[in-house]
Amino acid sequence: MTLTPAVVIRPSMGAAEHPALLAIWRSAVDATLDALAEPDRDKIAMRSQIAA
């Protein structure tokens, strides 16, 4: 029996998709991490934009 993966992760398409990935991350964090304060979320988001 051969199992196929339920999820396939593709390579990044580069910096062009970073804003969309950041938006997905921010939405997930906003919905699930009450312990992470808004200013901390903003700092993390800014750091990821600088690193891109």
Side-chain angles (χ1 to χ4, degrees):
M1 172 190 255
T2 303
L3 298 177
T4 56
V7 176
V8 176
I9 300 174
R10 65 164 174 78
S12 170
M13 294 167 55
E17 72 178 348
H18 289 176
L21 294 173
L22 183 59
I24 293 167
W25 171 83
R26 186 61 185 250
S27 175
V29 169
D30 289 347
T32 61
L33 291 178
D34 293 333
L36 191 57
E38 186 77 20
D40 295 328
R41 296 177 200 174
D42 293 339
K43 270 191 213 176
I44 293 169
M46 284 299 296
R47 290 176 78 185
S48 69
Q49 290 174 341
I50 292 168

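Note that these values count all heavy atoms, side chains included, but never hydrogens, waters or copies made by symmetry. The shown structure was predicted, so the numbers you read here are calculated from the model rather than taken from an experiment.
Taking a cutoff of 4.0 Å between a charged side-chain nitrogen and a carboxylate oxygen, Asp42 and Arg47 do not qualify as a salt bridge.
Hydrophobic cluster membership is shared by Leu22 and Leu36, with clusters built from Ile, Leu, Val, Met, Phe, Trp and Tyr side chains linked at under 4.5 angstrom.
Shortest non-hydrogen contact noted between Met13 and Glu17 is N-OE2, 2.6 Å. Counting all heavy atoms, side chain and backbone alike, Asp30 lies closest to Arg41 at OD1-NH1, 2.8 Å.
The hydrophobic cluster containing Val7 also includes Ile9, under a criterion of side-chain heavy atoms closer than 4.5 Å among ILVMFWY residues, counted directly or through chains of members.
For Ser27 (side chain) and Ala23 (main-chain N/O), no donor-acceptor pair under 3.5 Å exists by modelled atom type.
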